[in-house]
Amino acid sequence: MREFDLLIVDDEPDLRWVLRGLFEDEGFAVREAADGDEALRAVAEASPDVVLSDMRMPRVPGIELLRSLRRDAPEVPVVLLSAVEDLATAVEAVKEGAFDYQAKPYDPQRLLLSVRRAAEQSRLKREVAELRRARAGGVPDFGPSRAAQQLRRAIALVAPQDAIAVLLRGESGTGKEVAARALHALSPNAGGPFVAVDCGALPEHLLESHLFGHERGAFTGADRARAGLFPMADGGTLFLDEIGNLPLMLQAKLLRALQERAVVPLGGSKPVPFRARLVAATNADLLTDVAAGRFRTDLYHRLAEFTIALPPLRERREDVLHFARRFLAEANDELGRNVRGMTPAAEQLLLAHGWPGNLRELRNAVRRAALLAASPDLDAGDFELTPATVEPPADAARTVAAPQDDGPLAERLRAANDAMEAAILRQTLAACDGNKAAAARTLQIDYTTLHRKLKRHGLAS
């Protein structure tokens with residue numbers, strides 16, 4: 001069960017002991033304070049998710065503690081307990097900003113429900129505030145896992161060195177653009193533009209025009225001159241996503257532009273200089289493409305001066321619930337929902353799922369569940385999780401390396417990889433009745449990447 005931080009404030013040690021046992025049995029981390037002064041010091045040292053306080057205490061009574069917390073720590077909800085069941089006192093407490101007011105002798109289940117609801121709302125409000133700060137230009141949260149912290153350290157190390165090109169490697173949905181934006185935010189060029197382009201989303205002639213610009217009349221439909229993305233990124237960062245989809249002809253032009261720090265627009269003859277940090281990303285194995293002649297060796301080494309690998313979500317399980325809660329807070333904020341949290345069954349379901357679509361799939365699953373939820377907490381039944389990977393044919397392992405069983409290891413590995421990829425593509429197309437768009441979605445790749453792979457394996461029609 002999810003743990004919350006609770007501060008119990010009461011001048012009776014026996015009652016504090018009983019309350020501590022009640023809430024610790026429910027997974028709360030409990031601290032105690034004997035009066036209002038001690039409580040204020042405890043909140044100043046470490047802000048809890050919720051305060052549960054008696055009304056009548058020496059020196060600083062509960063209502064005064066509430067007023068002080070509303071002034072000094074307004075994000076901390078307060079639930080008040082009183083030995084007197086007085087309607088006027090309850091109304092006063094709520095007017096002063098108490099989350100709830102309950103009379104002694106209290107109902108344990110009702111008190112648990114009230115404190116848990118206050119803690120959930122407190123935690124979600126904090127996460128929303130963190131999300132808003134991140135959107136305002138802060139460094140993004142990569143998660144609590146060791147792999148995520150290594151990623152953070154790598155980004156912090158190379159970001160200030162804006163003369164070094166960075167290559168981000170990772171599966172689709174692992175957050176490569178988020179990492180690229182973090183590199184930009186921590187670089188000396190943070191005040192400049194961040195320009196992103198998906199190299200697999202546009203046809204070759206349009207991609208060249210987008211990257212380098214064109215002059216009026218350079219091609220049919222070019223009724224006016226247009227600046228390319230390289231000049232537009234001047235003084236900032238240019239992010240080239242899915243760089244492995246770049247055709248060989250454009251790879252040569254890109255290499256020339258990086259070497260000369262200038263581009264020549266289509267139909268033009270005058271170089272346009274630029275000064276921008278280059279960050280590229282790929283979900284493919286570029287070294288395999290280099291060995292196969294599909295990607296230029298010199299361009300690879302120019303782009304990969306510093307390489308950062310983004311691990312898939314299945315290799316950092318500690319981050320799953322962390323991001324699920326962040327995405328739930330985001331969904332509440334953006335969709336106008338008020339979902340408190342997730343049940344233990346929902347959390348176990350999320351931890352058990354393979355997440356082939358990584359963080360993007362997790363975010364979509366949480367947002368959909370939050371939008372459709374009919375109860376205060378998301379349960380396992382609110383999530384629609386289905387396998388999004390395609391298993392290779394049963395006989396694939398017997399056929400992958402047979403043609404070159406006497407060649408060098410590197411060549412045999414490339415042949416095995418190509419055969420396996422072709423088998424998966426063939427099976428996926430058959431499962432999707434030849435619908436290439438559906439096959440691309442199933443394989444979690446973009447349509448251009450799928451078309452390129454089909455053409456390479458002789459499966460395009």
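What's counted below: heavy atoms across the whole structure, side chains too, no hydrogens, waters or symmetry copies.
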Worksheet item: Gln149 and Phe142: side-chain contact (heavy atoms from CB on, under 4.5 Å), yes or no, with the steps?
Response: CA-CA 7 Å; Gln149 296 310 309; Phe142 291 107; 5.7 Å; no

[X] side-chain N/O to [Y] backbone N/O, donor-acceptor pair under 3.5 Å:
X: Glu384; Y: Ala365; value: no
X: Arg275; Y: Asp234; value: no
X: Glu38; Y: Ala34; value: yes
X: Asp100; Y: Ser114; value: no
X: His184; Y: Gly192; value: yes
X: Glu318; Y: Gly143; value: no
X: Glu242; Y: Asn283; value: yes
X: Arg169; Y: Ile308; value: no

Fill in: Cationic N near anionic O, under 4.0 Å, Glu171 to Arg360
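Here Glu171 does not pair with Arg360 in a salt bridge, since their nearest N and O are not under 4.0 Å apart.
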
Worksheet item: Could Arg363 and Glu330 be called an ion pair, given the rule that one side-chain N must be under 4.0 Å from one carboxylate O?
Response: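 Here Arg363 pairs with Glu330 in a salt bridge, since their nearest N and O are under 4.0 Å apart.
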
To check you understand the geometry: which heavy-atom pair defines the closest contact between [X] and [Y], and what is its length?
X: Gly36; Y: Leu65; answer: O-CD1, 3.9 Å
X: Tyr101; Y: Ser82; answer: OH-CB, 3.2 Å
X: Arg31; Y: Arg20; answer: CA-NH2, 4.2 Å
X: Asn358; Y: Gly173; answer: CB-O, 3.3 Å
X: Arg181; Y: Phe194; answer: NH1-CD2, 3.3 Å
X: Asp382; Y: Asp377; answer: OD2-O, 4.0 Å

Got [X] and [Y] here, is their nearest side-chain heavy-atom distance under 4.5 Å?
X: His353; Y: Arg314; value: no
X: Leu313; Y: Thr174; value: no
X: Leu167; Y: Val279; value: no
X: Leu359; Y: Val178; value: no
X: Arg277; Y: Ser187; value: yes
X: Leu254; Y: Leu211; value: no
X: Leu69; Y: Leu40; value: yes
X: Val76; Y: Pro48; value: yes

Using 0.5 Å steps for rounding, measure from the [atom1] atom of [X] to the [atom2] atom of [Y].
X: Leu183; Y: Ile164; atom1: CG; atom2: CD1; result: 11.0 Å
X: Arg110; Y: Gln102; atom1: CZ; atom2: CD; result: 4.5 Å
X: Leu371; Y: Glu334; atom1: CG; atom2: CD; result: 12.0 Å
X: Glu96; Y: Glu64; atom1: CD; atom2: CD; result: 8.0 Å

Discussion item. Under the criterion side-chain hydrogen bond (donor to acceptor under 3.5 Å, both in side chains), I'd like the reasoning laid out for Thr237 against Asn189: C-alpha separation, chi angles, the key distance, then a yes or no.
Written reply: CA-CA 7 Å; Thr237 299; Asn189 299 333; 4.9 Å; no

Item to complete: Determine, step by step, whether Met57 and Val9 satisfy the side-chain contact (heavy atoms from CB on, under 4.5 Å) criterion, reporting the C-alpha distance in whole Å, the side-chain angles of both residues, the deciding distance to 0.1 Å, and the verdict.
Response: CA-CA 9 Å; Met57 295 181 294; Val9 190; 3.6 Å; yes

Worksheet item: With sequence neighbours left out, what residues match Phe23 under ring pair (Phe, Tyr, Trp, His ring centres under 6.0 Å)?
Response: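 So Phe23 forms a ring pair (Phe, Tyr, Trp, His ring centres under 6.0 Å) with Phe28.
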
Item to complete: Verify side-chain contact (heavy atoms from CB on, under 4.5 Å) between Glu75 and Ser122, making sure each step is shown before the conclusion.
Response: CA-CA 7 Å; Glu75 75 282 359; Ser122 172; 5.7 Å; no

Item to complete: Give me the one residue out of Arg340, Glu120, Arg117 that meets side-chain contact (heavy atoms from CB on, under 4.5 Å) with Pro376.
Response: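 Between Pro376 and the candidates, side-chain contact (heavy atoms from CB on, under 4.5 Å) is satisfied uniquely by Arg340.
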
